[in-house]
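Heavy-atom basis, side chains included; hydrogens, waters and symmetry copies ignored. Keep in mind it's a predicted model, so treat the numbers as computed, not measured.
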Amino acid sequence: MTTTTDTLVPFDEVLERYDPALGLEVHVELNTATKMFCGCPTEFGAEPNTQVCPTCLGLPGAMPVVNGKAVEAAIRIGLALNCDIAEWCRFARKNYFYPDMPKNFQTSQYDEPICFDGFMDVPVETGDGETQVFRVGIERAHMEEDTGKSTHVGGATGRIHGADYSLVDYNRAGIPLIEIVTRPITGAGEMAPAVARAYVAQLRDLIVALGVSDARMEQGSIRADVNLSLAPKGSGVLGTRTETKNVNSLRSVERAVRYEMSRHAGVLDGGERVLQETRHWHEDTGVTTSGREKSDAEDYRYFPEPDLVPVAPSREWVEELRATLPENPTQKRARLQQEWGFSDLEMRDTVGAGALDLVVQTVEAGASPQTARKWWLGELARRANDTETAIDALGVTPADVAAVQALVDEGTINDKLARKVFEGLYAGEGTPAEIVEKRGLAVVSDEGALSAAVDNAIAANPAVADKIRDGKVAAAGALIGAVMKEMRGQADAGRVRELILEKLS
Ligand SMILES: [Zn+2]
């Protein structure tokens with residue numbers, strides 16, 4: 001457990017005296033088949049140091065070559081963020097020593113990023129049911145490469161301090177990264193934590209829609225560094241910032257901003273200066289701790305990479321890539337909500353359950369939006385939860401759900417029987433129609449059998465029958481229940497009700 005001796009000012013008080021400024025640097029690991037500057041595979045989970053070559057190990061004389069697919073992904077991300085795309089740009093060496101970086105420099109981009117001057121409009125809920133749109137300026141999105149991975153063995157914390165020895169795996173060294181850097185986000189006030197979270201969430205959705213990364217924060221394929229500073233309220237200046245590194249969940253992004261706002265205010269209230277430094281985020285205790293004093297860019301001795309040719313994407317290619325951009329996820333959601341007639345809550349629940357695309361596909365397969373939502377957020381979400389399975393990995397396809405609903409709509413089964421059809425689908429017993437057949441689930445539509453069951457129910461419940469004869473139609477429920485019981489649920493309740501009322505009128 002990491003505890004803190006920081007003086008923390010309550011959040012509301014922070015806002016009485018200070019204006020926060022946010023900045024977010026998000027690293028996206030691309031899902032290209034090969035690394036940024038060599039042909040090594042990028043598959044996750046291989047034996048350590050099996051996906052390496054002279055180039056990504058930084059051996060003398062090895063020559064890097066730029067991965068065209070990574071450049072394409074960078075441009076598509078830039079276009080989706082409304083950036084300008086450089087007509088000509090270079091890579092640069094960022095020089096520093098780190099054991100998991102075999103070249104002793106990172107090949108990155110410095111003053112010539114491939115994408116620059118963009119923005120993203122981020123809707124944020126204000127808490128009173130309203131939505132406010134923040135325009136987040138994108139300063140740049142540039143290409144670089146990942147480092148290897150160190151494992152420190154023998155210590156209590158997994159950090160290098162106290163470890164007996166360390167192991168390095170270079171499989172990750174050289175995997176393509178895109179770093180997306182915002183301009184300072186000011187004017188968010190008390191909304192600052194929510195804006196940070198909403199920005200990262202929306203950026204992740206965009207990356208998923210573009211298909212350029214797995215975009216799994218918990219696995220580190222998207223990592224956020226959160227910059228924060230406070231300035232005296234109304235002063236219009238920017239204070240000294242801290243950079244909290246590698247925050248790897250949306251909730252943590254929000255918490256880290258809150259924590260740093262309270263901590264900065266404590267430092268400033270005490271008449272001291274905020275130290276410009278990196279900070280570590282501790283998920284378990286929700287605090288940040290000091291990392292290292294932040295280097296200025298000059299300390300890295302950037303210089304243009306002499307072994308790589310400049311990147312000069314033609315305008316034709318950029319326009320071709322622009323034409324491949326998917327619909328913006330935020331706009332897509334708004335469009336679908338309108339088309340489907342969902343309430344804000346219904347839409348939020350659908351998205352939150354990870355079921356948006358599944359509902360889209362179920363509607364495309366012929367179901368109504370409300371019935372598609374009903375199954376995915378009811379029966380199927382429950383099953384996913386009970387079995388700790390992803391909702392799209394239950395063995396039930398959107399086409400299956402549409403087929404089950406079609407069977408309900410045509411009266412072959414009712415909702416209760418549909419749940420049994422889903423049980424058959426989980427067990428891999430075939431198509432919904434086959435399962436109805438095999439399990440004998442179809443509702444009884446034989447009027448003779450239904451009529452007999454209704455007669456039995458009336459005979460067994462004379463007092464109820466008298467009430468209905470007297471016009472107390474609400475009493476019919478008891479008879480319907482009796483009939484459904486006799487038919488083991490395999491009857492159309494609507495038809496049973498009609499028959500009861502016909503016979504007793
Ligand atoms: Zn390699």
Side-chain angles (χ1 to χ4, degrees), residues 336 339-342 346-347 349-454 456-457 476-500:
L336 288 173
E339 283 175 16
W340 293 346
F342 280 14
E346 287 172 334
M347 199 65 190
D349 286 350
T350 305
V351 172
L356 185 66
D357 288 340
L358 296 167
V359 171
V360 168
Q361 290 162 28
T362 306
V363 171
E364 282 168 3
S368 73
Q370 281 298 355
T371 57
R373 194 185 72 83
K374 180 185 78 179
W375 291 121
W376 284 110
L377 267 69
E379 171 66 25
L380 294 159
R382 193 158 44 237
R383 169 78 181 181
N385 193 37
D386 290 349
T387 57
E388 293 181 5
T389 311
I391 195 164
D392 57 359
L394 292 170
V396 177
T397 66
D400 288 334
V401 176
V404 169
Q405 183 57 39
L407 290 168
V408 173
D409 290 341
E410 70 191 32
T412 304
I413 54 174
N414 54 30
D415 278 11
K416 206 169 164 189
L417 294 168
R419 297 205 162 82
K420 298 202 163 144
V421 177
F422 282 117
E423 282 169 20
L425 286 167
Y426 304 144
E429 291 172 17
T431 66
E434 287 165 359
I435 292 165
V436 167
E437 178 74 31
K438 272 189 217 160
R439 293 194 170 201
L441 295 175
V443 295
V444 176
S445 50
D446 173 356
E447 287 278 316
L450 274 186
S451 184
V454 169
N456 290 345
L479 292 186
I480 295 169
V483 173
M484 294 302 278
K485 195 172 172 194
E486 183 175 336
M487 307 294 289
R488 299 205 320 279
Q490 288 174 241
D492 175 352
R495 181 63 192 136
V496 171
R497 183 186 171 82
E498 280 172 17
L499 282 171
I500 291 168

Any Val454 side-chain heavy atom under 4.5 Å of Leu479 side chain: no
Atom pair OG1 (Thr350) and CG (Asp357), whose distance is rounded to the nearest 0.5 Å: 11.5 Å
Side chain to side chain, Glu339 and Val363, heavy atoms closer than 4.5 Å: no
Leu358 vs Ile391, side-chain contact (heavy atoms from CB on, under 4.5 Å): CA-CA, chis, key distance, verdict: CA-CA 9 Å; Leu358 296 167; Ile391 195 164; 3.7 Å; yes
Residues Asp409 and Gln405: side-chain donor-acceptor under 3.5 angstrom: yes
Minimum side-chain heavy-atom gap Leu450-Met487 below 4.5 Å: yes
Side chain proximity check, Glu434 to Arg439, heavy atoms < 4.5 angstrom: no
Side chain Asp400, main chain Thr397, donor-acceptor under 3.5 Å: yes
Backbone N/O of Ile435 and side chain of Glu429: donor-acceptor pair under 3.5 Å: no
Verdict with reasoning, Asp415 to Trp375, per side-chain contact (heavy atoms from CB on, under 4.5 Å): CA-CA 10 Å; Asp415 278 11; Trp375 291 121; 4.0 Å; yes
Trace of the side-chain contact (heavy atoms from CB on, under 4.5 Å) decision for Met347 with Leu356: CA-CA 8 Å; Met347 199 65 190; Leu356 185 66; 3.6 Å; yes
Carboxylate-amine/guanidinium contact Arg373 Asp349, below 4.0 Å: no
Under 3.5 Å: donor-acceptor pair, side chain of Gln490, backbone of Gly440: yes
For Trp376, the option from Thr362, Asp392, Thr371 that meets side-chain hydrogen bond (donor to acceptor under 3.5 Å, both in side chains): Thr362
Distance-only side-chain donor-acceptor flag, Thr412 / Glu410, under 3.5 Å: yes
Cation-aromatic face contact Arg383/Phe422, 6.0 Å, 45 degrees: no
Glu447 and Arg495 ion-paired at < 4.0 Å: yes
Validation row: Trp340, Val359 side chains within 4.5 angstrom (heavy atoms): yes
